[in-house]
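Take a look at the structure below.
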Amino acid sequence: MKDIVIIGGGIVGLATAYQLLRKNSSLSLSIIEKEGQVAAHQTGNNSGVIHSGLYYKPGSLKATNCIEGYHQLIDFCDEQNIPYDLCGKIVVATSKEELPYLKTLQERGAQNGLEGIKELNSEEIKEYEPHTTGVKGLFVPQTGIIDYKVVSIKLRELITKMGGEFHFGEKAIDIKFEGKTAIVVTEKGEHTCKVAVNCGGLYSDKIAQWAMEKMDIRIIPFRGEYYKLKEDKEYLVKSLIYPVPDPNFPFLGVHFTRMMKGGVEAGPNAVLAFSREGYKKSQIRPGELFESLAWPGFQKVAKKYWKVGM
């Protein structure tokens, strides 16, 4: 019998376990992870940007979460000597039509407490990124780069020191309830606990369905695809270069990202993935693809934006 069982060993599950054990060291806690290591999915398949909270509506939960998380991450990395680089980024408007959106971003950043944001004219853009052309730009000093796998490995080490247990290679398949007790059923056995915490990433809606009669939320997987700059062209990008995002879509647009482990990525686009964890075109699960295509929410968005999608 454990106090807490966490389903999922990505950065969300790890950070949740770490904070719980920090607040109460006497808790008995287990993390169940279907893969053989931490950070095997979303955590290890992103471009490693430390976002500043520039984009989100001031006062919204997204803004609060991003900004508080930003400061906690920086503090954690400083405490644990985890390398990161607050290299800053520039957001570039390439046409006069984008200038009102750029102004909105600047105002949101200021309202969200970001200090030192600087408006750049076309000549000033080149002081930060000599090979970038635009009508106007914004320099955001808080944005940085990091390797989230390195953060996750450190979290695993600290959780183990604090008495947390890891069960790798165990896929959760159900949650049962007996009075005030939860039983997390895996392919290898059962884990009994007072509280089960769902940090199942791309399958978190499926896990939630085990505990709830009705779920009107569905995760639709989109894959980001990247190009990589040739080594002899990496000098073209000094830090991070972003376009002004299209306000109609929840994407930040194709951007250039200098990586913590070296190299520069250009991307991502956003294409429908053919399985929940379809990181490559060849990874197809027909059942999951049918579920995505049949979901009314996806059909509604696809119908509205089919031209952009094509």
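Position 1 is the first residue of the sequence; numbering continues from there.
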N/O donor-acceptor pair under 3.5 Å between T257 side chain and M259 backbone:
no
Can you tell me how far CD1 of I220 sits from CD of E288, rounded to the nearest 0.5 angstrom?
11.0 Å
So that I can tick it off, tell me whether E277 and R285 are bridged by a salt bridge, with the cut-off set at under 4.0 angstrom between side-chain N and carboxylate O.
no
Between CG on residue D216 and CG on residue D205, distance to nearest 0.5 Å
11.5 Å
Taking all non-hydrogen atoms of both residues, which atom of I31 and which atom of A17 are closest, and how far apart?
CD1-CB, 3.6 Å
Same cluster or not: Y203 versus V5, using hydrophobic residues (I, L, V, M, F, W, Y) connected whenever any side-chain heavy atoms lie under 4.5 Å apart?
no
4.5 Å side-chain heavy-atom contact, I117 and F139
no
Just by distance, do the side chain of N81 and the backbone of C77 share a donor-acceptor pair under 3.5 Å?
no
Side-chain heavy atoms nearer than 4.5 Å, only ILVMFWY residues, links allowed to pass through others: does that put V264 and I145 together?
no
Closer than 4.0 angstrom, basic N to acidic O: yes or no for K194 and D3?
yes
Would you confirm whether Q299, through its side chain, and L293, through its main-chain N or O, come within 3.5 Å as a donor-acceptor pair?
yes
Between E291 and K206, is the closest basic N to carboxylate O distance under 4.0 Å?
yes
Report the C-alpha distance between E225 and Y279 in whole Å, list the side-chain angles of each, state the deciding distance to 0.1 Å, and finish with yes or no for side-chain hydrogen bond (donor to acceptor under 3.5 Å, both in side chains).
CA-CA 9 Å; E225 296 172 325; Y279 305 116; over 6 Å; no
Give the minimum heavy-atom separation between Q283 and G278, together with the two atoms involved.
OE1-C, 3.4 Å
Side chains of I90 and V140, heavy atoms from C-beta outward: is any pair under 4.5 Å?
no
Between N46 (side chain) and T43 (backbone), is there a donor-acceptor pair under 3.5 Å?
yes
Minimal non-hydrogen separation, E170 against I32, with atom names
O-CG2, 3.3 Å
Testing the basics here: between L289 and A273, what is the closest heavy-atom pair and its distance to 0.1 Å?
CD1-O, 4.4 Å
Please verify the inter-ring angle class for F298 with F222; under 30° counts as parallel, over 60° as perpendicular, anything in between as tilted.
tilted
Output yes when K233 and E231 qualify as a salt bridge under the 4.0 Å nitrogen-oxygen rule, no when they do not.
no
Nearest heavy-atom pair of F168 and G36: which atoms, and what distance?
CD2-C, 3.8 Å
Please lay out, stage by stage, how Q80 and L158 fare under the test side chain to side chain contact (heavy atoms under 4.5 Å, CB included).
CA-CA 10 Å; Q80 302 299 331; L158 294 169; 3.8 Å; yes
Same cluster for Y101 and I241 if Ile/Leu/Val/Met/Phe/Trp/Tyr side chains link at under 4.5 Å?
no
Less than 4.5 Å apart, side chain to side chain, heavy atoms only: is that true for I175 and I7?
yes
Between CD1 on residue I146 and CG on residue D85, distance to nearest 0.5 Å:
10.5 Å
Identified side-chain hydrogen bond (donor to acceptor under 3.5 Å, both in side chains) partner of S239 from the options K89, R258, E129:
E129
Does the side chain to side chain contact (heavy atoms under 4.5 Å, CB included) test come out yes or no for C193 and I4, once each step is laid out?
CA-CA 6 Å; C193 57; I4 296 168; over 6 Å; no
Taking the six-membered ring for Trp and the single ring otherwise, decide whether the centroids of Y18 and F76 are under 6.0 Å apart.
yes
For H41, is there any backbone N or O sitting under 3.5 Å from a side-chain donor or acceptor partner on N45?
yes
Can you tell me if CD on E178 sees more than 12 non-hydrogen neighbours from other groups inside 6.0 Å?
no
Joint hydrophobic cluster, L272 plus W295, side-chain heavy atoms closer than 4.5 Å
yes
What's the spacing between D174 CG and T186 OG1 if we round to 0.5 Å?
11.0 Å
Tell me, do P221 and S292 make a side-chain contact under 4.5 Å, heavy atoms counted?
yes
H167 side chain near S30 side chain, heavy-atom distance below 4.5 Å
yes
Only one of I50, D78, I82 clears side-chain contact (heavy atoms from CB on, under 4.5 Å) with L73; which?
I50
So, does E107 use its side chain to make a donor-acceptor pair with the main chain of T104 at under 3.5 Å?
no
Would you indicate whether the side-chain heavy atoms of R108 and K103 approach each other to under 4.5 Å?
no
Is the shortest heavy-atom distance from the side chain of T16 to the side chain of V197 under 4.5 Å?
yes
To the nearest 0.5 angstrom, please state how far the CZ atom of R276 sits from the OG atom of S204.
8.0 Å
Taking A182's backbone N and O only, do any of them form a donor-acceptor pair with K176's side chain (distance below 3.5 Å, no angle check)?
no
Mark yes or no for whether N112, through its side chain, and L114, through its backbone, hold a donor-acceptor pair below 3.5 Å.
no
In sequence, state the C-alpha distance, the side-chain angles, and the governing distance for Q106 and Q111, and then conclude on side chain to side chain contact (heavy atoms under 4.5 Å, CB included).
CA-CA 9 Å; Q106 187 177 7; Q111 287 174 299; over 6 Å; no
Same cluster for Y242 and Y56 if Ile/Leu/Val/Met/Phe/Trp/Tyr side chains link at under 4.5 Å?
yes
If I compare all heavy atoms of T133 with all of T94, which pair ends up nearest, and what's the gap?
O-CG2, 4.3 Å
Within-4.5 Å side-chain heavy-atom neighbours: P141 and K118
no
Between CZ of F256 and CD of E265, what distance do you get to the nearest 0.5 Å?
11.5 Å
Determine, for K136 against E119, whether the closest basic-nitrogen to carboxylate-oxygen distance falls under 4.0 angstrom.
yes
Check whether Y148 reaches the backbone of V49 with its side chain - one donor and one acceptor, N or O, closer than 3.5 Å.
yes
Any chance you could lay out the side chain to side chain contact (heavy atoms under 4.5 Å, CB included) test for L20 and L29, step after step, and finish with the verdict?
CA-CA 9 Å; L20 286 167; L29 183 149; 4.2 Å; yes
Is the closest basic N to carboxylate O distance between K2 and E165 below 4.0 Å?
yes
Just by modelled atom types, is the E115 backbone N or O under 3.5 Å from a matching donor or acceptor in the Q142 side chain?
yes
How about Y227: does its OH atom have over 12 heavy atoms from other parts shown lying under 6.0 Å from it?
no
